[in-house]
Every structure is written in structure tokens, then in C-alpha cells.
Amino acid sequence: MTEQQTTQSGDAERVEDIHHLEQQRRENREKAIGLGFSPYGHREDELLSLNEASGRYDESADEANKASLQARKESKRADPDIDEGDLPALVDDRPIVRVAGRVVLQRDNGNLVWLNLRDHSNDSFQVAVSKRDCELAGFKLAKLLDLGDIVVAEGPMTMTRTGEVTCWASSLSPASKCLVPPPEKHAGLTNTEIRYRQRYIDMWVNPETTRVFMLRSKLMRAVRGYLDGLDFLEVETPVLQTQPGGAAARPFRTHMNALDMELSLRIAPELYLKRLLVGGMPRVYEMSRNFRNEGVDKSHNPEFTSMELYQAFGNYETMREIAEGLVREMASLAGSERGVELSAMEFGDWVIDYESPFAQITYAELFRSSLGFEISDSERARAEAEKRGLKTKSEDGVAFDDILVINELFEEVAERSIDPSKPTFVLDYPAALSPLTRPKAGTENDSVPLAERWDLFIAGMEIGPAYTELNDPDIQESKFREQLAGIDDEESTFRTFDADFVEALKVGMPPAGGLGLGMDRLVMLMTNSRSIRDVLPFPMMRSVES
RNA sequence: GGGGAGCUAGCUCAAUCGGUAGAGCAUCGGCCUUUUAAGCCGCAGGUUCAGGGUUCAAGUCCCUGGCUCCCUACCA
């Protein structure tokens, strides 16, 4: 973008529509140009972060410089006519730094202007711009800066009388103009709507927001590093799918013009990742953006990120070991960044222990301990569900299959009995609820056959499931065709018959473990964010006409 | 889906029973070379979310709509 474009585009005809606070800022930008500056800056190769610059402060050099200045002053006082050459030598070995940041505070003392700059590393770094020590243009610039402007300053690191490490500018130049009036400097920006819709303002004003997104990025990198260490390969599979599968959810639908096809955005990558196992890749994972055309709340966004992985010749036990290691790895990183103990990481009102081995309990045991009877007692389950006012039939009046009633009770009562502060694996779900999972050997003839599946719960949130994958094409086909009584549309998408996937299994998929983890929810846990919106830079918002 | 709260200056918030829309910060003008949310003096800043209604009079009461947040429900 050229200077001409940014400084002249449409100013003339728009001037009357522009808010006076913006107009004043435009005028200050013109004045900076008048001082010979390019208001939008240029390449800088020698910049230090503000935090690095603070670290460069050298106390002994600063003391020596101050002492030499004092000695010269005293010599002059003793002999006002002393020659310059007879004064004690000026000592100045103070480190020079070159820094950039956004102006968050400005205190103009007349011939000395104090600026506080902010960048990713430091919320408030002080720069002093004095008429005596700074280039004249830079000094004049300091006086006409607006809060929010980005500037580049260079000068020695020193300490003020009040003990604040400060860059004492020898030069100052603009790097970008902020034409938008800033939020209140102390109360800040609290309006959640602006925070989410104009996240760039939120990030500038509330450094904590920026820190969450930086930690999110580091956590994603840590996950990749961990999986890399286990020889998993990251892959990419289709987002646009003709037949969305791998989960129970309503998809977003779209149309492809070139091939005149109806397509859906994926609800899960599962069925494609398994095809890669069929093809011969032994360990794969994908950081998958999934799309589900459903409600929005504190833990649901229409697009969200899951990590799914598949390991040939693994099973759901292998997956439990990986998941526990991975979550602990993330917690360890987050703990060190946040300065909290791995065994005591706050999340809302809870303190979560990621250090101890994660708890394990079977679906049946958890059901029994919280409800007081067995999952096989379907009559009692139905009575209990009705007593609790739970749904036991679909909207069109069809009575739920027994296993759906049991699962209603499980979700309503048993899941909630899990200690939120202890990461907990719930093992061995009913096979009927897990159409892509291998049945658990020896339970086929039980009244409630089980499948080799677990779900991980932390802080009351479901973090993700894992399976021993079903690799028998005939069982898979019958699972796809199995319909439970009272099942709803969303649930049935799980069972949409995918002929090509069955064909792939016929080619032969090695036995495998598969795992899916909700990355957004994990980032919520790791950053102590209570809403998924706080870990997504740009959460879904209703559109507004302006 | 159900319930609750809210929307006033650029931002954060006031405005009593329905009776002249205010403050702080930011901005603008003036002073100031060690300030820390700098300070002192002065000025200015409004389609009270939108539309309709009641009234002599509406930010305030009523209706409709928009957007946001919270609770709840749903949601692998």
C-alpha cells in the first residue's frame, strides 16, 4: 500500500462524514508528514521486543554515565569558566536499543514527553522523548502523537529517578497511524460485542486477550511436536464432502457450480483418515476444522477445531495413553507459561490436577454408582428417566430404544457425577451408541453389548472420544443400516450409509486405534477461559447491517 | 426453544415519581524537562439502538423490531 493511497483516498468528499476525533487524527498525520516522516513506516531489521529492550538495561553502565555527568556538573560549578577539554570525560556505555510499539499512554511535560509503548512482550514500556536529547523532528512528533499510534524509538536504556527502566529516545519515528479513538485508558474496553466483532481493538487494549491467542498457538505447536515424536504424520483430508460422516451432527450444505454437485462441509474427518490407513499410512493425524450447523453457546461454535489421529495396530488403550500424555504435555506448557502448578491448574471455580494419573471408570460402573442400578435393568431405567422428566420418546411419539433411555440417564446423571477437577476416562460405552467402534469381545451376548470406546471428561466438559476402530466391513455395513427407535435426524447422519467407506474396509484396514480431541475446549482449560469465544480469535457472531 | 439483564458522548458509566441529558477518561486550546491512570487552567463534544404509540412533556411508560450478554434447554 502506498502513502498516496492511504493518505489521500477519498478524503475530500468524505471529510464531512468523518467523526471529529478521526479528523483530528488525520490532521496530526498530515503534520507528521510535514515533519518529513512517512506516517506508515518501513522495514526495520534491528528491532528488539520491548521485553528484550528492558533486559538490555545495564545498571553499571547507567551508574557510570550518571556519575560522569555529575562530575562534569560539579567541575563547572567549581569553575564556571572551565574549558570544555578540562572537564572530566563523559562516560556513556549504556546499551542502545531500537524498539517499536503502540502508544498506550502519553504524558506531555512540555519539553519532556513520556510515552508508554505496548507490544506482544510487554504491556507498558516507558520511552522518554526530551527536547534536549532527541532529534528535533522526533521530539515534535512525540507531541502530536495520538494514543494507539505505532512508533519506532531508538536510544540508550536508562533508569529514571523513580526506578523505572526507560528508553531515553535519541530518535522517534512513526510506524503506523491510528485513526480510531481508543477506549478509556483505565476502565478499558468491556463491551463484549466490540471485543468479539473488532477483536483487533480488544487485543490492543486488553493484552490478556493477545496472550490467550499466543498460548493457543504454542499449544497447537506442542501437540504437533508430541505427535511428531511418536512418528505420526500430519495429513489433510477433504473439507468439502459429498457425504458428511463420522459424527452425529447437522452439516452446512453448499453447491459446487463446476460439477453441479451438492456438497457439505465436513462434520468430522474420521472416514477419510481411516481410508489413509487402508492405503497404508500407519500413523496419521489431522488438525481438523469441523463445521456443524447447530447451536452456539459457551462451549459450541459452528466451526471448531478437533485433532483426530489414527494408529494402525493400536487400540483404545493405546489411544488412552496418547491422550493422557498429550493433555499432560499441553498442561505442562500452559502451566509454565502461566506460572501455575501442573497439579493445581485453575479453571473457573475448579482446580484441576493434570499431574496425577487420570481417573478411569467404566460406563457401567459410573452408571451403577450414580443411579444405583445396572445398565441392564432397562425397565427401571425407563421408570427413572420418566421420574426425572427426561425424554423417553421422540417428537413424533416413538418410544426411544432402551439404550437411548439409558444414555439419557447416563448423560443427565452419571456424567455429572464425575469429579470435575479430575480428568476422567469413561470406558466401554454401549455398542449400539458407537457405530464406528469395534465391539468389546465377550460382551456380544450381554443384555447391553459394549464397544471399545472411551470418552475423556475434564471440568464437566467432554474433551473427546477414542475407539478401537471397527475394521470388519460386514459389521460396519450392518451398523450403518441399524436404526435405533426414536433416533433423530442428527443422530442418523452418523449412520448415513457410506458405500465407498465400506468398500475401503473391504480392501482391508489394519486394526487401529482412533482418537479425537476438542482443541478449543482444551485451550479453554489451559488458558482458564470460560467461553469458547475467548479462545477463538473471531467467534461466530450474528451479522449486522450497518 | 424458554427466562432474565442490557444498549445514553470515542470509551467507562450517571440521570430520583415522566419535567433543562451529566461526570470521569480521551479529544481540542493554554502552561510545564523525571512523569507513572502525571498535574493545573479553559473549551467543546448527544439521531439516548431503530420505528411506532401514550402524554402538555418520554432516555425513563407501552408496542414492534435489531443486537449483545447471562441462566436454562438442545447439541458427540
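In what follows, chains carry the letters A, B, and so on, assigned in the order in which the sequence lines appear, proteins first and then strands, with residues in each chain numbered from 1. Computed from a predicted structure; not experimentally measured.
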Counting just side-chain N and O atoms, does [X] come under 4.0 Å of either OP1 or OP2 of [N]?
{"X": "A/Arg530", "N": "B/C70", "result": "no"}
{"X": "A/Asn290", "N": "B/A76", "result": "no"}
{"X": "A/Lys298", "N": "B/C71", "result": "yes"}
{"X": "A/Arg533", "N": "B/C69", "result": "yes"}

For the [atom1] atoms, the ones on [N] and on [M], what distance do you get once it is rounded to whole angstrom?
{"N": "B/A9", "M": "B/U47", "atom1": "C1'", "result": "13 Å"}
{"N": "B/C61", "M": "B/A5", "atom1": "P", "result": "12 Å"}
{"N": "B/A15", "M": "B/U48", "atom1": "C1'", "result": "11 Å"}
{"N": "B/G29", "M": "B/G45", "atom1": "C1'", "result": "14 Å"}
{"N": "B/G19", "M": "B/U55", "atom1": "C1'", "result": "12 Å"}
{"N": "B/G46", "M": "B/G22", "atom1": "P", "result": "13 Å"}
{"N": "B/G66", "M": "B/G51", "atom1": "C1'", "result": "11 Å"}
{"N": "B/A26", "M": "B/G10", "atom1": "C1'", "result": "7 Å"}

Please report, rounded to the nearest Å, how far the [atom2] atom of [N] is from the [atom1] atom of [X].
{"X": "A/His20", "N": "B/G10", "atom1": "NE2", "atom2": "P", "value": "8 Å"}
{"X": "A/Lys143", "N": "B/C31", "atom1": "NZ", "atom2": "P", "value": "9 Å"}
{"X": "A/Tyr316", "N": "B/A76", "atom1": "OH", "atom2": "P", "value": "22 Å"}
{"X": "A/Asn206", "N": "B/C11", "atom1": "CG", "atom2": "C1'", "value": "12 Å"}
{"X": "A/His19", "N": "B/G10", "atom1": "NE2", "atom2": "C1'", "value": "6 Å"}
{"X": "A/His186", "N": "B/C13", "atom1": "NE2", "atom2": "P", "value": "13 Å"}
{"X": "A/Phe410", "N": "B/A76", "atom1": "CZ", "atom2": "P", "value": "14 Å"}
{"X": "A/Glu412", "N": "B/C74", "atom1": "CD", "atom2": "P", "value": "6 Å"}

What is the distance from atom NZ of A/Lys274 to atom CG of A/Leu470, rounded to the nearest 0.5 Å?
-> 7.0 Å
To the nearest 0.5 Å, tell me how far A/Gln23 CD sits from A/Ile18 CD1.
-> 5.0 Å
[N] pairs with, by Watson-Crick or G-U criteria that keep both distances under 3.5 Å:
{"N": "B/C67", "value": "B/G6"}
{"N": "B/C32", "value": "none"}
{"N": "B/U55", "value": "none"}

More than 12 heavy atoms of other residues, nucleotides or ligands under 6.0 Å from CD of A/Gln70: is that the case?
-> yes
Nearest to the side chain of [X] - [options]?
{"X": "A/Pro435", "options": "B/U35, B/A76, B/C13", "result": "B/A76"}
{"X": "A/Asn28", "options": "B/C11, B/C69, B/C28", "result": "B/C28"}
{"X": "A/Glu184", "options": "B/U33, B/G24, B/A76", "result": "B/G24"}
{"X": "A/Leu21", "options": "B/A76, B/G10, B/U34", "result": "B/G10"}
{"X": "A/Thr160", "options": "B/U34, B/U68, B/A73", "result": "B/U34"}
{"X": "A/Met541", "options": "B/G10, B/U68, B/U12", "result": "B/U68"}
{"X": "A/Ser130", "options": "B/A76, B/U12, B/U33", "result": "B/U33"}
{"X": "A/Pro183", "options": "B/U68, B/C11, B/U12", "result": "B/C11"}
{"X": "A/Arg542", "options": "B/G10, B/C67, B/C69", "result": "B/C67"}
{"X": "A/Lys185", "options": "B/U12, B/A26, B/U33", "result": "B/A26"}

Give the intermediate values and the outcome of side chain to side chain donor-acceptor pair (under 3.5 Å) for residues A/Asp534 and A/Ser531.
-> CA-CA 5 Å; A/Asp534 294 326; A/Ser531 169; 4.6 Å; no
Give me the ring orientation class for A/Phe367 and A/Phe410: parallel if the planes are under 30° apart, tilted from 30 to 60°, perpendicular past 60°.
-> parallel
Base, sugar-phosphate, or nothing for [X], non-hydrogen atoms under 4.0 angstrom?
{"X": "A/Arg195", "value": "nothing"}
{"X": "A/Arg292", "value": "sugar-phosphate"}
{"X": "A/Thr190", "value": "sugar-phosphate"}

Looking only at N and O atoms, is any donor in the side chain of A/Asp297 or the base of B/C74 less than 3.5 Å from an acceptor on the other one?
-> yes
Test for a donor-acceptor pair under 3.5 Å between the base of B/U35 and the side chain of A/Gln126, counting only N and O atoms.
-> yes
Applying side chain to side chain donor-acceptor pair (under 3.5 Å), run through A/Asp133 and A/Trp168 and close with a yes or a no.
-> CA-CA 8 Å; A/Asp133 299 312; A/Trp168 202 270; 2.8 Å; yes
Would you please name every residue forming a salt bridge (Lys or Arg N to Asp or Glu O under 4.0 Å) with A/Lys479, sequence neighbours left out?
-> none
Would you name the heavy atoms of A/Ala53 and A/Val99 that are closest together and state the gap between them?
-> CB-CG1, 3.4 Å
Closer to the 5' end of RNA chain B via nearest nucleotide, is it A/Asp133 or A/Gly188?
-> A/Gly188
RNA chain B contacts among residues 100-110 of chain A, heavy-atom distance under 4.0 Å | A/Leu105, A/Arg107, A/Asp108, A/Asn109, A/Gly110
What is the glycosidic conformation of B/C17: syn, defined as within 90° of 0, or anti?
-> syn
Tell me, with the steps shown, if A/Arg521 and A/His300 meet side chain to side chain donor-acceptor pair (under 3.5 Å).
-> CA-CA 9 Å; A/Arg521 290 179 181 181; A/His300 295 84; 3.2 Å; yes
Does one side chain, of A/Arg438 or A/Asn471, offer a donor that lies under 3.5 Å from an acceptor on the other?
-> yes
Would you check, one step at a time, whether the test side chain to side chain contact (heavy atoms under 4.5 Å, CB included) holds for A/Ile532 with A/Val535?
-> CA-CA 5 Å; A/Ile532 196 170; A/Val535 299; 4.2 Å; yes
